[in-house]
Amino acid sequence: MACGTTGESGSEVSMSGEGSTGAPPSAGVTTAGGDDADAGSVHVIMGRAKTRIVLSGEIDALVSPDLVEAAAEAEDAGRPVEVDAHHVTFMDSTGVAFLARLASRSSTRLVLIRPPDVVRFLIEVTSINDLLDVVDDDPGVDDSVPEHAPDDDPDGPDRAA
């Protein structure tokens, strides 16, 4: 899978709606810039209780193999799946198909975390929003921490003597 990191700057999507469809300009139509800074990346975090897939940058045909691999890993894990889309700057039908696949094959409802306007538009216009839950607050990754993490001590690192 792609192992790139995305900075905290996060690109904002213009919602000028100048297209005849009312779609945001970057809703599967164009991208801002097109440099490597917006290259898409897909990361899978396997937790004890759930699987988190983190998407960032441009989610398009170039990351399709990574999306297929991430979906397979999530399905094989058999845990509830959440997708953090906060840092997505562009999404085309490849990303929409990925979300639809996850939502339709999961035994629990897919959770989409903090999707930007471009992603919200796409899931609404394709009615995929009927198959998943959209949350604006990150529920946290506590359950996504691997079992061997040093924070497993219930008393915590700051025990009083």
Side-chain angles (χ1 to χ4, degrees), residues 1-15 21-32 38-149 151:
M1 276 195 234
C3 293
T5 358
T6 303
E8 290 296 315
S9 62
S11 303
E12 290 201 18
V13 176
S14 169
M15 290 297 292
T21 64
S26 58
V29 179
T30 86
T31 62
D38 284 342
S41 67
V42 179
H43 302 275
V44 175
I45 302 170
M46 295 295 207
R48 291 184 299 256
K50 61 187 173 183
T51 299
R52 178 176 281 201
I53 300 173
V54 181
L55 305 177
S56 61
E58 298 176 359
I59 305 303
D60 55 18
L62 292 176
V63 295
S64 182
D66 296 337
L67 294 172
V68 170
E69 185 178 336
E73 286 182 36
E75 289 171 17
D76 290 347
R79 298 179 185 107
V81 179
E82 59 187 25
V83 176
D84 185 343
H86 180 69
H87 292 289
V88 172
T89 58
F90 170 86
M91 182 179 281
D92 67 7
S93 62
T94 306
V96 173
F98 167 73
L99 293 174
R101 175 183 175 179
L102 284 176
S104 65
R105 294 186 180 186
S106 178
S107 59
T108 60
R109 283 186 62 88
L110 178 68
V111 176
L112 185 61
I113 303 168
R114 303 178 299 173
D117 290 337
V118 64
V119 176
R120 287 178 190 271
F121 173 80
L122 290 171
I123 64 171
E124 288 173 15
V125 78
T126 59
S127 297
I128 292 174
N129 58 337
D130 295 339
L131 303 174
L132 51 81
D133 295 325
V134 175
V135 296
D136 292 321
D137 295 318
D138 187 342
V141 295
D142 291 339
D143 289 335
S144 293
V145 176
E147 290 185 30
H148 63 283
D151 293 335

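Source: prediction; values computed, not measured.
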Could you measure the distance from the CE atom of M91 to the CG atom of D60? Nearest 0.5 Å is fine. 10.0 Å
Take atom CG in D137; do more than 12 heavy atoms of anything else shown fall under 6.0 Å from it? no
Kindly compute the distance separating OG1 (T108) from CZ (R79), expressed to the nearest 0.5 Å. 12.0 Å
Any side-chain heavy-atom pair from I113 and R52 closer than 4.5 angstrom? yes
Going by side-chain contact (heavy atoms from CB on, under 4.5 Å), I53 matches just one of I45, L102, D84. Which one? L102
Where the side chain of R114 meets the backbone of D136, is there a donor-acceptor pair that is under 3.5 Å apart? no
Measure across A85 and L112 and return the closest heavy-atom pair with its distance rounded to 0.1 Å. CB-CD1, 3.9 Å
Minimum heavy-atom separation for P115 to V135, with atom names? CD-O, 4.0 Å
Out of curiosity, I59 CD1 to L122 CG, how far, rounded to the nearest 0.5 Å? 12.0 Å
Testing the basics here: between E82 and P139, what is the closest heavy-atom pair and its distance to 0.1 Å? OE1-CG, 3.9 Å
Using every non-hydrogen atom in the two residues, find where L110 and V83 come nearest and quote the distance to one decimal. CD1-CG2, 3.9 Å
Smallest separation among heavy atoms of E73 and M46, with atom names: O-CE, 3.3 Å
Closest heavy-atom contact between L67 and F98? O-CE1, 3.4 Å
Any chance you could lay out the side chain to side chain contact (heavy atoms under 4.5 Å, CB included) test for V68 and R101, step after step, and finish with the verdict? CA-CA 9 Å; V68 170; R101 175 183 175 179; 4.0 Å; yes
To the nearest 0.5 Å, atom CG of L132 lies from atom OG of S104 at 11.0 Å
